[in-house]
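Below is one structure; the comments refer to it alone.
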Amino acid sequence: MSAMSLNEHLAAARRVLAAADQEHVLAFWDQLDDGQRQVLLDQVDSVDWPELTRLVQSHVERKPAFKLPENLQPAPWYPYAPPAEMKGLYAKARLRGWELIQGGKVAAFTVAGGQGTRLGWNGPKGTFPATPIRRLPLFGCFAEYIRNMQKRTGAVIPWYIMTSPINDADTRQFFRDNRYFGLDPGSVMIFPQGMMPAVSLAPRNLGKVLLESPGRLALSPNGHGGSLKALWTSGAIADMKKRGIEQISYTQVDNPIVRVLDPIFIGLHDLDAAQMSSKMLPKREPLEKLGNFCLIDGKMTVIEYSDLPDTLAHERLTDGQLRFLAGSIAIHLIRVDFVEALNSQAGNSGDGFALPFHRAEKKVPYIDLKSGQPVTPDKPNAVKLETFVFDALPLCGKSIIYETSRPDEFAPIKNANAPGTQDCPKTSQDLQVARAARWLESQGVQVPRRVDGSVEAVIEISQNTAIYPEDLKGQPLPSAIEPRGQVLL
Ligand code: UTP
């Protein structure tokens, strides 16, 4: 790029930054080389400054007040085990789900753009070794599930993976290094989500965008809600339409035993002509940290656990069951034409579409403007602005909820291992082993158990071998597993 165009670029950046009262972004301009200057100007271009100015007023200068809607009701759901009168419907739904997968109408979608700060793994979270024996990475677990589904249906199941500009290159390299885990690279599409700047909370600099280095904004991914826009702007939706995809099976990168595609859920969602649907788990306790599925004026809405008043969270029905029982585990089905409608309503480029932003107070390292020195804060010093995918639910005409089984489908890896910590690699592996043990016992295999019922062996069932316990029928299984043995199937 010529010096002239760099100057023009700089002049344009100065104008937008001045209008947004963020001119400090260029404080170290004189110290940057041309390459660094270009990177900084490109970053400036990537931010919607008028929107950021509005968000600074509404989400940084003050905390947005949350007002609990008056007419809040618990949302109904389809139970995991159907009552007698629903058995016919479930059989029909299961058939419908398989038909859609077989007909090539369903895509897998993994959101993997998060920073995984709690886990603290040096690399994209999807590359984390998740399984107890092979240490298969999370991406490998999903790939095996997809391969299994492709094998049994004969269909091509395209897999879309959302990264962020921070982990996109590493994710792509990881897939190349692992030869796409046996999948056709032509059916795996990796694309980055959008970013938002972190904004200072310090009274002296309130509302000012932080710099990560003299020539870079402190940008972070704009939340999993950014997926609904990134699916569109990346061309993923156009690609899906070309392939005849109708439904997107949305899952997170952190759960190695998630059913990447689940025929019964797909069928129920499709038969009800829902636009975006969700799986739920019955909460274990009133204040379990899961979002609550609610209806507000008939519209499906997730109320975050921190926003549901304790009195409501503790309310029980006459049979003792929690009134607000349905917890969200971020598994969704989304119609392709719903994502298309959301984005095209906002103009063809999709530029105007965004879900509501949420404020998160975080520790964000930054460059002090006066000294030019890096600062690592020891308490939250900044606001990150994120959107959440479940905020699209109230925009649906129709949305259903299907209950799933916690032991069969939920073994999340969120935190680093530490004594007493939940949702960490250790607890996830214990849950994976427990599921494998139950599946083997259902096929008559003897599994050694300790007095507390826990499994006294390490067992891993590859999802190439089985994604349902019935898949183990006819496989060469041991009749019993030795105490403290290791079994890989
Ligand atoms: P989490 O809320 O658990 O966040 O994301 P995280 O970034 O993985 O981890 P922490 O909070 O920094 O420890 C739930 C899912 O949403 C994805 C994550 O990759 C994960 O699959 N996600 C989150 C995105 O794709 N983009 C985002 O901006 C945020």
Side-chain angles (χ1 to χ4, degrees), residues 46-47 108-128 130 137-139 141-142 159-168 170-171 174 189-198 218-234 236 248-258 260 278-279 289-291 302 304-306 327-332 334 339 354-365 380 382-392 409-418 421-425 427-428:
S46 75
V47 175
F109 178 36
T110 307
V111 287
Q115 289 176 294
T117 32
R118 284 169 290 172
L119 181 61
W121 170 245
N122 184 17
K125 201 190 257 189
T127 67
F128 184 81
L138 285 156
F139 283 135
C141 298
F142 312 137
W159 184 14
Y160 298 84
I161 300 166
M162 184 176 80
T163 57
S164 81
I166 300 169
N167 66 16
D168 187 73
D170 288 348
T171 303
F174 188 73
M189 183 169 163
I190 301 172
F191 60 91
Q193 66 177 111
M195 304 283 274
M196 281 295 274
L219 295 175
S220 51
N222 61 5
H224 43 62
S227 60
L228 295 178
K229 185 166 171 174
L231 275 168
W232 178 257
T233 51
S234 65
I248 303 168
S249 181
Y250 171 110
T251 54
Q252 300 196 148
V253 76
D254 50 27
N255 181 4
I257 63 170
V258 71
V260 179
S278 316
K279 276 191 181 172
K289 290 183 172 178
L290 298 178
V302 169
E304 287 181 76
Y305 57 84
S306 47
S328 175
I329 48 167
I331 301 175
H332 301 285
I334 311 173
V339 183
L355 293 169
F357 277 90
H358 296 254
R359 163 188 168 122
E361 294 180 20
K362 302 266 169 149
K363 287 185 267 187
V364 179
V383 167
K384 283 190 182 177
L385 295 155
E386 294 193 348
T387 60
F388 299 152
V389 74
F390 55 71
D391 279 328
E409 202 178 355
F410 195 53
I413 299 176
K414 295 269 187 201
N415 304 306
N417 278 334
T421 302
Q422 287 301 306
D423 299 346
C424 62
T427 54
S428 174

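This structure is a prediction, so every number in the text was calculated from the model and none was measured. Counting convention: from 1, in listed order, for ligands and their atoms alike. One is the number of the first residue; the rest follow in order along the sequence.
Residue, atom and distance of the protein heavy atom nearest to atom 26 (N) of ligand 1 are Gln193 OE1, 2.6 Å. Of the protein's non-hydrogen atoms, Gly116 N, 3.6 Å is the one closest to atom 6 (P) of ligand 1. Nearest protein neighbour of atom 8 (O) of ligand 1, counting heavy atoms only, is Lys125 NZ, 3.5 Å. For atom 22 (N) of ligand 1, the closest non-hydrogen atom on the protein side is Gly114 N, 3.4 Å.
Contact atoms of ligand 1 toward Met162: 25 (O) (distance under 4.0 Å to a heavy atom of the residue). Close approach of ligand 1 to Gln252 is summarised as follows: ligand atoms under 4.0 Å from at least one heavy atom of the residue are 14 (C), 15 (C), 16 (O), 21 (O).
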Which atom pairs, one a donor and one an acceptor, fall under 3.5 Å between side chains of residues 356-365 and the rest of the protein, sequence neighbours left out?
unit_1: His358; atom_1: ND1; unit_2: Glu304; atom_2: OE2; d: 3.4
unit_1: His358; atom_1: NE2; unit_2: Asp391; atom_2: OD2; d: 2.6
unit_1: Arg359; atom_1: NE; unit_2: Glu361; atom_2: OE2; d: 3.3
unit_1: Arg359; atom_1: NH1; unit_2: His59; atom_2: O; d: 2.8
unit_1: Arg359; atom_1: NH1; unit_2: Val60; atom_2: O; d: 3.2
unit_1: Arg359; atom_1: NH2; unit_2: Glu361; atom_2: OE2; d: 2.6

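Between Phe139 and Ile161 there is a side-chain heavy-atom pair separated by less than 4.5 Å. Ser227 is listed as a side-chain neighbour of Tyr250, based on a closest heavy-atom distance under 4.5 Å.
Within the 4.0 Å heavy-atom shell around ligand 1 one finds Lys414. Distances shorter than 4.0 angstrom do not occur between any heavy atom of Gly226 and any atom of ligand 1.
Heavy-atom proximity to atom 10 (P) of ligand 1, evaluated over Asn255, Thr117, Leu138, Val253, is greatest for Thr117. In this comparison of Arg118, Gln115, Glu386, the heavy atom closest to atom 2 (O) of ligand 1 sits on Arg118.
Close N/O approach between Leu119 and ligand 1 is not found [any backbone or side-chain N/O within under 3.5 Å].
Looking at Ser278, its side chain never comes within 3.5 Å of a backbone N or O of His332 through a donor-acceptor pair.
From Gln252, atom CD reaches atom CD1 of Ile413 across 12.5 Å, with rounding to the nearest 0.5 Å.
By the criterion of a heavy-atom distance under 4.0 Å, both the backbone and the side chain of Pro221 are placed next to ligand 1.
Using modelled atom types and a 3.5 Å distance limit, the side chains of Asn222 and Gln193 yield a donor-acceptor pair.
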